[in-house]
Every structure is written in C-alpha cells, then in structure tokens.
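This report refers to the structure that appears directly beneath it.
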Amino acid sequence: MPELPEVEAYGRRIKDGALHRTIETVTLGNDTKHVELPGPEDRARFEGHQFTEVRRHGKYLFAGSATGPWMALHMGMAGSVRVYDAEDGNPDYARLIVAFEGSRRMAFRDPRKFGWVKYVDTPETEIEARELGPDALDLDADGFANRLEGGRGAIKSALMDQSRLAGIGNLWADETLYQTGIHPATKIPELSRDDISGLHKASDRILRGVCDVDAHYRELPDAWLIHRREEGYACTRCDGSIARIKVGGRSSYFCPKHQVEAA
DNA sequence: AGCGAGCCCTGTATGC
DNA sequence: TGCATACAGGGCTCGC
C-alpha cells in the first residue's frame, strides 16, 4: 500500500496519536534479522525527546522536532505504521517499537522486510542524499511538465521515477494513465502538451482523492481502476477489458481499447 | 539514458 | 490437505 497517499495516512496516525509525548525507549520488534533498523546508539538518541512534527516527502516519512533527532521511515512494499496502547499488545510483524511515556506505542510493521527505519539529522539531508524529486503534490502544471521534460522512455516509468517526482508508485501510475486514457508504454516525446496537462490533473486528483479517504480503497469511486486490477475485468470507461503487460519490469494493468499507444 | 534482469524476503492466492 | 508456483503496491545494482 505504501505510495504517497498510504504514507500520508500513516503520517496522520502519528500526528493524531503520537505527537508531543516523551519517548521512553525505541526497541526492536520480532524477527528483525534482515530489516534495516537503527542500532542501539541511534535508538538511544530518541530517548527523552518528542515528535512534534511529521513530514512526508514522496513515499518517505519523517518524525521529529526542530531541536531533536528525526526518524526516517520507508515502507518498502508492505510496511506500515501503527499507533496503539501497550495493553493492546504489539501488532504482527512489528520490527521497531517506540514507547512513549504512559502506554502509547508506535510500531513500524513490515511483513516483507523491504522497508527500513533510520536515524537522520534532518529530513532534508535524507531527501537530498536519495536524490528525490519534488513531492508529486507540490507540483503545479508547469512544474510537473518540467519534471518529465527530456525523458525519452515510457511515461509510466517516468511517473514512477522518484528522482523526477516523488510519491507515485505502480498503483497510482496505472490509475493516472487509465483515467487519462494513455497507454503506459507511450514514450514521453509522443505525448502532447494536453496529454501532459491531463496527466498532471489526473495524478493530482487521484493522489488527493486517496489521501482524502485515508487510503481506504473501498471508499474510492467505483469507476476507478483500483477496483479491477485483474485481467479480463470490464473497463468502466469503454467496452474494453483490462489487460496486463510489463512496463519497466512492473505489472501494468490498463484497458487496451481506450488507452491506445501512439503509432 | 533507459531498459530488462536479477535480487532483497515473505505472505497470499491459485492450481494440481 | 499438501505442495509448487506465481505474484505482490519498492528500489537497488548490473550489464547491454
């Protein structure tokens, strides 16, 4: 689940339940052998501090404060954040647990172990080090077009390229292309200005829409692709049916009838 | 530059 | 029920 809107939802959980509470301990959870997590010294840096601020850049989440340490989190393919109380017990697949004074807890969960957590001085240094592009929701139409400029490859790969713009992954790239009527393998130079502007409008609308429902997919409009990412399902925009191809090595669901590749 | 392949590790769904 | 296989929303590295 962890693309921009899902990560935004995890950030909201922290804001709603874990801010302005003094951190007592940061401990490892279960089965952490293959998970990249802060060592004892870095974990200890958080003790006595509070998270007063949560920031998200693309798919990266940061919790910290103006004067204290920052915790950077990346969800990988299946990670999530949960805020709960000690008496509820730690959630499954909890890899890192932040214990605040009282009983409040925050866990980084990651069944597939592709995610990570680390100590960072500031979010900015981490964003810079990873060469992330601007957050997808911070781009206006011109900015969006500028970030795609110069690309010669498939539009879907560019939308998912975190150094061009940060936050869009496989799901919402497919959704954006579906709603714009553009084939995922279309080369960028073949797109018109209107195509690019349409992609910007769609991605903005989609990402905000998913944020608005806290990434609860069932609350999204019935006509969206998200509800029919299966080969053979009926398209909601024409009488085509959903197909799957590989673009940039990733499964891409689309409607071959209304998402036609330029000749 | 951009692409595909391979890889990281594990849960879930499917087919036999 | 058990077992094998394919697949999953991310991202890194390598070689062409």
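First the proteins, then the strands, lettered A, B, ... as listed; each starts at 1.
- The CG-C1' distance, from D31(A) to dC9(B), rounds to 10 Å in whole Å.
- Phosphate proximity of dG11(C) to R250(A): absent, as no side-chain N or O sits under 4.0 Å from OP1 or OP2.
- Whole-Å rounding puts the D92(A) CG to dT10(B) P distance at 15 Å.
- Taking atom P on both nucleotides, dA6(C) is separated from dA5(B) by 15 Å, rounded to a whole Å.
- Contact annotation: Y93(A) side-chain N/O to dC9(B) OP1/OP2 distance is not under 4.0 Å.
- Taking side-chain N and O atoms only, R244(A) has a distance below 4.0 Å to OP1 or OP2 of dC7(C).
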**Prompt:** Between R130(A) and Q162(A), is a side chain to side chain donor-acceptor pair (under 3.5 Å) present by the stated rule, with each step listed?
**Reply:** CA-CA 9 Å; R130(A) 295 196 173 264; Q162(A) 303 300 300; over 6 Å; no
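- Atom C1' of dC3(C) sits at a distance of 24 Å from the matching atom of dC8(B), rounded to the whole Å.
- Closest to the side chain of R152(A), out of dC3(B), dA1(B), dG10(C), is dA1(B).
- Closest of all the heavy-atom pairs between P69(A) and F46(A) is CG-CD2, 3.6 Å.
- Phosphate proximity of dA8(C) to S251(A): present, with a side-chain N or O under 4.0 Å from OP1 or OP2.
- Residue K59(A) places at least one side-chain N or O closer than 4.0 Å to OP1 or OP2 of dG10(C).
- Considering only side-chain N and O atoms, H74(A) lies under 4.0 angstrom from the phosphate OP1 or OP2 of dG11(C).
- For the pair R130(A) CZ and dC12(C) P, the computed distance is 6 Å after rounding to whole Å.
- Look at R112(A) and you won't find any side-chain N or O under 4.0 angstrom from OP1 or OP2 of dC7(B).
- The two residues V35(A) and G115(A) make their nearest non-hydrogen contact at CG1-O, 3.9 Å.
- One atom, CD of E231(A), and another, P of dA8(C), lie 9 Å apart when rounded to the nearest Å.
- Look at dG2(C): its Watson-Crick or wobble partner, with both distances under 3.5 angstrom, is dC16(B).
- Ring stacking is absent between F114(A) and dG11(C), as the pair misses the limits of under 5.5 Å between centres and under 30 degrees between planes.
- The CD atom of Q179(A) sits 9.0 Å away from atom CH2 of W172(A), with the distance rounded to the nearest 0.5 Å.
- Between R109(A) and dT10(B) there is no side-chain polar atom (N or O) within less than 4.0 angstrom of OP1 or OP2.
- For K246(A), taking side-chain heavy atoms from C-beta onward, the closest of the listed nucleotides dG11(B), dG9(C), dA8(C) is dA8(C).
- E219(A) places none of its side-chain heavy atoms less than 4.5 Å from the side chain of D212(A).
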